[in-house]
Number of protein chains: 4
Amino acid sequence: MAVEAEADADDGAEGITASVVGGSGFTGGELLRLLASHPTLEIAEVTSRSKAGKSVGSVHPPLRGADLRFTEPDDLESVDVLFAATPHGVSMGQIDDFFDVADTVVDLSADFRLETEAQYDEWYDGHDAPEYLEKAEYALPEINRENLAGAELIAGGGCNATASILGLYPLFEHGILDGGEQIVVDVKVGSSEGGAGGGEASSHPERSGVVRPYAPTGHRHEAEIEQFLGTSVAFTCHAVDMIRGASATSHVFPSGPVSKGELWKAYRGCYEDEPFVRMAAGGSGVYRYPEPKAVAGTNYAEVGFELDPSNERIVVFSAIDNMMKGSAGQAVHAANIALGLEETAGLEFAGLHPVGAP
Amino acid sequence: MAVEAEADADDGAEGITASVVGGSGFTGGELLRLLASHPTLEIAEVTSRSKAGKSVGSVHPPLRGADLRFTEPDDLESVDVLFAATPHGVSMGQIDDFFDVADTVVDLSADFRLETEAQYDEWYDGHDAPEYLEKAEYALPEINRENLAGAELIAGGGCNATASILGLYPLFEHGILDGGEQIVVDVKVGSSEGGAGGGEASSHPERSGVVRPYAPTGHRHEAEIEQFLGTSVAFTCHAVDMIRGASATSHVFPSGPVSKGELWKAYRGCYEDEPFVRMAAGGSGVYRYPEPKAVAGTNYAEVGFELDPSNERIVVFSAIDNMMKGSAGQAVHAANIALGLEETAGLEFAGLHPVGAP
Amino acid sequence: MAVEAEADADDGAEGITASVVGGSGFTGGELLRLLASHPTLEIAEVTSRSKAGKSVGSVHPPLRGADLRFTEPDDLESVDVLFAATPHGVSMGQIDDFFDVADTVVDLSADFRLETEAQYDEWYDGHDAPEYLEKAEYALPEINRENLAGAELIAGGGCNATASILGLYPLFEHGILDGGEQIVVDVKVGSSEGGAGGGEASSHPERSGVVRPYAPTGHRHEAEIEQFLGTSVAFTCHAVDMIRGASATSHVFPSGPVSKGELWKAYRGCYEDEPFVRMAAGGSGVYRYPEPKAVAGTNYAEVGFELDPSNERIVVFSAIDNMMKGSAGQAVHAANIALGLEETAGLEFAGLHPVGAP
Amino acid sequence: MAVEAEADADDGAEGITASVVGGSGFTGGELLRLLASHPTLEIAEVTSRSKAGKSVGSVHPPLRGADLRFTEPDDLESVDVLFAATPHGVSMGQIDDFFDVADTVVDLSADFRLETEAQYDEWYDGHDAPEYLEKAEYALPEINRENLAGAELIAGGGCNATASILGLYPLFEHGILDGGEQIVVDVKVGSSEGGAGGGEASSHPERSGVVRPYAPTGHRHEAEIEQFLGTSVAFTCHAVDMIRGASATSHVFPSGPVSKGELWKAYRGCYEDEPFVRMAAGGSGVYRYPEPKAVAGTNYAEVGFELDPSNERIVVFSAIDNMMKGSAGQAVHAANIALGLEETAGLEFAGLHPVGAP
């Protein structure tokens, strides 16, 4: 059976122990998949109230070979780093317990993404542990790498926000936009964003082949985008027929004319040294522009753009795997930086072709 | 076998004869499917150079029961109405021949959609028969019904343009927009838009699960939208994983504040008497907003909207089946009007649930 | 809006009233879709305990234009024919109530498919109203037409059983098989078979792209197949990625050699006068063999075969839309016969191309 | 950009050089993907007549970060191992040239899978280099490991044959079958099996949602199965809607009764020490039986079974990724053994969840 292969993947020399709270969901499973083949991090404990006692492999096929069972979340053992993959609102209530057992906590929910209690009052149902908000570091290395080194509390970014920010950030960083411009962000996402379990709307017969508007206005990820870009965007999200993937098309109207050269300079300037950002802007072949298909299962983001002379518009395309760069992969990337490990450790998988998103 | 059932569907009393030029493609097949069950129109001839001699049912399964074979397109017999489902650029070269054999010609290509030769010079490769342009009537009844009665040359609208125009038209008709405003139209379309035959990019392994930008700027359908709305729009198209369907999300920024009541008044005013437009704006259930799934295989368009206070933005959603309301269905609807038949004749199919777009 | 079009479809001259018990599920919705455009049958009442008071169109998009609401199932009004689309086990408990309000009852569940109480004891959890079993007529006209005329209780066939029986029946009818032979039936079905609502296994992320064995042995539909063919078959079912459709591949090992001519004679003999069976056995084009895609949304079954000299094996392919020929369409077809209406009334839709099953 | 990450993956210490002939197709791309992250093998050259000069990443997104271009296949440089991913019939004509530049040749086509020229005369169009047939070793380690060590010519197995053999092999190895029994193998495969480029039947609109019989009888993979199991099987293949994956359901009728315990003993005996075979036979959760979804993108095979008392039938399920265990992964696995490397080197990827096959 596959035990040997998995075992090979597991035994890191100077192991750093990691536990996952809420390991039965999709992002929890993705974290476990990454940790199971991480060269340094070692899985200590995986909790799930609903699946306690069950083999992790019975829920997450990629872990079938691993000798791991879900445990009750009530008494956590001490570890080096704790990953929380619990629903929004849970971590803020348990954050003290998390720090009782770990020096480093990485939370994949929305509970520590925003900087102020006021934002949680506006966009969510308030916050139970506002004193932690300023301690938290946003997990996206491309815009926050320097603050992640040694961070104790890391807040994973939202998948749609991550795709949108990666697409727009260079325009602000290089002064092509300064915040007053009109920006429309039209996002298309896969069904894994809905999480495991489902419900009528996400059942296969109702969910297959859709182009379904959801949260057409007032999507909570607007708050993150605004926080990091310093401007509001007109944001609308659509569910489409893929499992993994988030694709953001940003329609940007700069105040003055801009050239392709300036755009290339801005994007290269921000991303040419980034290990997990690929540019795809025109060129030849089937995959000329960013596509979720091309990054499915990977921690890569693809970013590209076109210029629309007739409308003095910049169209920016950015694509990620919502479960990887948009969640678990981003979390491991940030943890690697926080813990002083090789940034790309455990995240080198370059994807599959052909693949169906995936 | 199914011959009887088909026969039943075919024998109209006072038959009006119709031929289809270019019947082996997807829109040609869709036309034949509609004509085969039309209460009045009777199929006379179906041409296809590549499939001449073959049974129509061997190419289009819905016509397996019909006793029909493709013929060479060279010498057409006289009929009452001729439908041309040929690639762009073909009809403009054969339009005289078409009128030699039919009093009424319905062209599904782009050859007669635009009003002036100048537009064809700008958006296409010029025009071979500009003298026909002013004679042509745009097929979309919701904006051009009065001119379709008795029309001799009918120009089918583009699928993406049709979806976009149906979504935005009421805002202009009721003075909520006057042409100066910023409008972004972000379209998602299915693979049938690529037509039969395919190629590498539309092969199943490469095309499944995509969110693929194509013609991200400068899409030719912009010209139609501009022609009928009197304003330019920032238009971008994406291929997504469905076969039939075009969904247009229009992000509109009116100059002043607008209320939901005003929007309802505008849309109801334009569409409540339209036989093929359904409103879907909020409400309950899985299908709260327009979805290609909900109209797949039908001639219905669904239109809906949401208001975004934080951005003084109107988000308009419109969904059609690109092969029906966006092509063959629209053509038959327009022909029904031109010939003085019941508008909805042959187009009553209300769709399937559940269905996968489809 | 679409009300007019629907209305046209509704007003039959000499209306026969029909009610649907359990109208919020997939097969209930399919029945309503067919009844809404049926030339003679008129919808009287649609019950659903969970959706009572809601508009039928909010659950089933094809009925958006119809003015219909779900009612409580407790006090049914008298009608000519009552269709029951309730889960297995419900109808057998309410059958007396059904006959109190209707002279003709068509049950789409498994409750009256089998002939003896002993079969229900073996394959189900017994039967509450065994006295009705001999009164019930199996709905599949191709094998039971003569008994359906004037039938009072009609039992809809199982979708997998229907596909399997239609494929194998001619071999028995024409003496190519006599019951002792080895028969393997390998079925592939779509997600609509799971019904509305779903659950973890049928959520889009878990259900998309599967080839998933279910009930690999001991499937209850074996009982129906055995009942009508007079022999047991080795039956296994797989879930695949489509919404509508059931495809049965039967691997048959006749005791002696058989020729293609004999096979054609057997299949033509059984089906050439059948309005809803199409033969597809080789030939040219993409759709050479039966495919669920080619019959999606229709009441047609496609049947075909190949001969395997090296194994003295007959491979029989049969494909249906599980919700139409496999359920609601078969029920309406049988009701048409029972009520002395045109057999094909309301069932002429010939399908779509291209379409995605669907 | 991603160059660094890729580079890390590439620089093995004691590099063994490998070239790929025919690198622009799907299996060629899969080989390159595996070689790019292989700890020991280093890519020397990638040929493609049609794409010569183009960047490999422009065709295969997973290789976007790699600095690799396609070269003309005419003058190959000397390497340690040469992989041929050319269409059937090509390698047999160039095999001498291949050995001129490499000591070890791994051919992924059918050209060296069968043992005798007579088999090629029967199943293919004869053979151009029959003298190489007895030198070739079949690449499937589970049945041929001992012969692969030091092999000079390795013949990759067919994907459908690999799935079928892995499912049935333990029944023969442990004497549950001896060759006289009736065996039906019903296979379901994904669209990547058709290779890149496509054509009408594999275009997205025609290929999506299918359950399409192809080569319903006389499939060439029957020859391989017969060669290694020593018995003929009744084999039929169906195309279903997935991109990667081959699932074989084998319906087996043993001469006498067999117990579940005997079956477990047979399968455990063959596979419990195999690094790339997972058992999935019942149990709990969504993935109780083998599924292509669960192994998509990996080199794992899943095998399971059920016992059908009523038919004295064993139903065996086996699932692989046709491009990995069924082609490129199997080839690298065999090459690892032939070259004395760690068997699992470069093949540890354990898959994704959720994923859409993929």
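Protein chains get the first letters and strands the later ones, always in sequence-line order, with residue 1 at the start of each.
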Segment of B:Arg207 engaging chain A (4.5 angstrom heavy-atom cut-off) | backbone
Has A:Glu312 got more than 12 heavy atoms of other residues, nucleotides or ligands less than 6.0 Å from its CD?
-> no
Specify which of A:Glu200, A:His238, A:Glu222 makes the most heavy-atom pairs with chain B at under 4.5 Å.
-> A:His238
Determine the interplanar angle of the A:His251 and B:His251 rings, folded into 0 to 90°, and report it as parallel if under 30°, tilted if 30 to 60°, perpendicular if over 60°.
-> tilted
Between A:Pro213 and B:Pro290, which heavy-atom pair has the shortest distance, and what is it?
-> CD-O, 3.9 Å
By a 4.5 Å heavy-atom criterion (distance strictly below it), what part of A:Gln182 contacts chain B: side chain, backbone, both, or neither?
-> side chain
More than 12 heavy atoms from other groups under 6.0 Å of NZ on A:Lys260 = yes
Contact origin within A:Tyr214 toward chain B - heavy atom pairs under 4.5 Å = neither
Choice from A:Ala319, A:Gly218, A:Ala294, A:Pro205 maximising heavy atom contacts with chain B below 4.5 Å | A:Pro205
Tell me, for A:Val315 versus chain B, whether the close heavy atoms (under 4.5 Å) come from the side chain, the backbone, both or neither.
-> side chain
Would a distance-only check, ignoring hydrogens and angles, find a side-chain to backbone donor-acceptor pair under 3.5 Å from B:Arg313 to A:Thr217?
-> no
Looking at side-chain heavy atoms only, is the closest gap between A:Thr236 and B:Phe317 below 4.5 Å?
-> yes
Please lay out, stage by stage, how A:Ser247 and B:Arg212 fare under the test side-chain hydrogen bond (donor to acceptor under 3.5 Å, both in side chains).
-> CA-CA 9 Å; A:Ser247 172; B:Arg212 177 173 298 164; over 6 Å; no
Please test A:Asp186 against B:Lys188 for salt bridge (Lys or Arg N to Asp or Glu O under 4.0 Å), starting from the C-alpha separation and ending with a verdict.
-> CA-CA 11 Å; A:Asp186 190 297; B:Lys188 298 85 181 169; 3.0 Å; yes
Looking at side-chain heavy atoms only, is the closest gap between B:Val240 and A:Val211 below 4.5 Å?
-> yes
Tightest non-hydrogen contact, residues A:Lys293 and B:Ser208, listed as NZ-O, 2.8 Å
Would you indicate whether the side-chain heavy atoms of A:Asp308 and B:Phe235 approach each other to under 4.5 Å?
-> no
